[in-house]
Amino acid sequence: MIHLSALADEISPDLDAQLAVLRAEGIHHLELRGAWGTNVLDLSDAQVAEIGRASAAAGLRVSAVAAPIGKVPIDGPAADEGPRLARAIAVAQALGTARIRIFSFYPAAGEESPPPRDAVLARLRALTAQAAAAGVMLLHENEKDIYGDSIARCVDLLQSVDDPHFRALLDPANFLQCGQRPYPDAYVALQPWLTYVHVKDVDRDGTLVVAGAGEADWPALLARLRADGYDGFLSLEPHLEAAGQFQGFSGPDRFRQASQALQRLLKDMGWEYA
């Protein structure tokens with residue numbers, strides 16, 4: 001059975017508001033990117049503990065830590081991301097999840113995309129070794145302008161790192177924004193490593209829309225996921241009001257629209273979810 005989750009700071013900066021909307025929508029997990037206007041890596045231990053307490057009280061669990069690791073220029077000091085990953089690991093362990101979302105680096109300032117392959121692989125292998133030692137899994141998200149923004153480069157990374165602690169997070173809308181076809185092209189290519197899916201959509205004009213209203217072909221993608229036995233997370237990240245480099249926003253009402261659109265697609269095909 002698949003599970004629904006959401007980057008809940010899409011709803012509101014306030015944790016209580018996030019949890020209230022998720023509960024009302026029947027979503028039992030949250031993907032933690034931030035709360036109280038603070039990025040997940042900058043939350044204090046006390047704030048992380050409060051998120052764990054409040055989530056449990058609301059009957060929710062944390063599906064993943066949505067860290068901005070690897071969303072930095074490749075020419076930064078090599079050790080920069082190690083301490084940030086250590087913090088993400090500590091947060092993940094405190095909240096009972098073994099999944100951490102990451103990226104694969106921007107080019108150096110003034111350089112054209114993509115960043116150098118060898119440098120990216122060296123960074124990712126080091127991060128993956130750190131994750132493996134801690135027993136957590138890194139989920140690589142395809143994102144515009146990072147190394148892994150194309151299907152071919154995502155596959156190259158996954159094949160080259162070749163480690164069960166480094167897996168694919170599929171964001172169909174991000175592929176569309178890079179001129180790549182998410183289904184069937186990206187899905188088929190990434191399926192051997194696919195562990196997590198972000199849910200948003202983009203129409204022909206480049207406007208972010210609810211799943212099924214754009215060009216990602218969500219009905220076909222969901223049907224293929226089901227046929228292939230996918231049993232992971234579908235995590236809502238609608239970006240319906242704003243889409244920034246490090247955070248998007250939908251607000252409570254438009255988040256509900258996105259949630260209900262996804263749940264209608266699932267109900268129409270008879271795919272049970274929790």
Side-chain angles (χ1 to χ4, degrees), residues 33 39-42 64-92 98-182 184-198 232 237 244-247:
R33 184 173 59 193
N39 182 269
V40 61
L41 297 186
D42 297 321
V65 169
I69 291 165
K71 213 168 192 181
V72 295
I74 193 66
D75 60 343
D80 275 358
E81 295 301 75
R84 296 215 303 165
L85 179 56
R87 180 56 185 164
I89 289 169
V91 172
R99 304 174 195 86
I100 298 172
R101 185 275 307 271
I102 70 164
F103 301 92
S104 53
F105 299 95
Y106 291 118
E111 298 290 331
E112 294 185 0
S113 184
R117 176 182 182 274
D118 289 349
V120 170
L121 280 173
R123 298 285 185 95
L124 291 179
R125 284 174 174 141
L127 293 172
T128 301
Q130 186 177 349
V136 301
M137 180 187 299
L138 304 182
L139 305 175
H140 174 263
E141 179 177 350
N142 57 286
E143 170 87 1
K144 187 176 181 181
D145 295 330
I146 65 167
Y147 182 87
D149 65 356
S150 72
I151 298 167
R153 288 196 292 269
C154 284
V155 170
D156 178 40
L157 292 177
L158 292 156
Q159 288 178 334
S160 299
V161 174
D162 189 24
D163 191 292
H165 298 89
F166 182 73
R167 286 293 181 257
L169 184 162
L170 172 64
D171 190 310
N174 288 354
F175 274 128
L176 283 172
Q177 291 176 327
C178 296
Q180 306 270 289
R181 190 166 63 162
D185 299 3
Y187 173 79
V188 171
L190 298 182
Q191 195 274 337
W193 303 276
L194 184 60
T195 304
Y196 205 92
V197 178
H198 274 175
E237 189 192 19
Q245 182 180 6
F246 295 103
Q247 181 177 355

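Note that the coordinates shown come from a computational prediction; the quantities given were computed from them, not determined experimentally.
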Quick one: CG on Leu139 to NE2 on His198, what's the gap to the nearest 0.5 Å? 8.0 Å
Nearest-0.5 Å distance that lies between atom CZ in Arg101 and atom CG in Leu138: 12.0 Å
Does a side-chain heavy-atom distance below 4.5 Å link Leu194 with Arg167? no
Using a 3.5 Å distance criterion without hydrogens, assess whether the side chain of Asp149 forms a donor-acceptor pair with backbone atoms of Asp145. yes
side-chain hydrogen bond (donor to acceptor under 3.5 Å, both in side chains) with Ser104: which of His140, Glu143, Arg153? His140
Atom pair CE (Met137) and OG1 (Thr128), whose distance is rounded to the nearest 0.5 Å: 11.0 Å
Indicate whether any N or O donor in one side chain lies under 3.5 Å from an N or O acceptor in the other, for Asn174 and Glu141. yes
CZ of Phe103 to CG of Leu169: how many Å apart, nearest 0.5 Å? 8.5 Å
Calculate, to the nearest 0.5 Å, the distance between atoms CD1 and CD1 belonging to Ile146 and Ile102 respectively. 8.5 Å
Does the structure place the NZ or CZ of Arg123 under 6.0 Å from the centre of the six-membered ring of Phe105, at an angle of no more than 45° from the ring's axis? yes
Check Lys144, Gln177, Glu237 against Asp171 for a side chain to side chain contact (heavy atoms under 4.5 Å, CB included) and give me the one that passes. Glu237
Spacing of Leu124 atom CG and Tyr147 atom OH [to the nearest 0.5 Å]: 10.0 Å
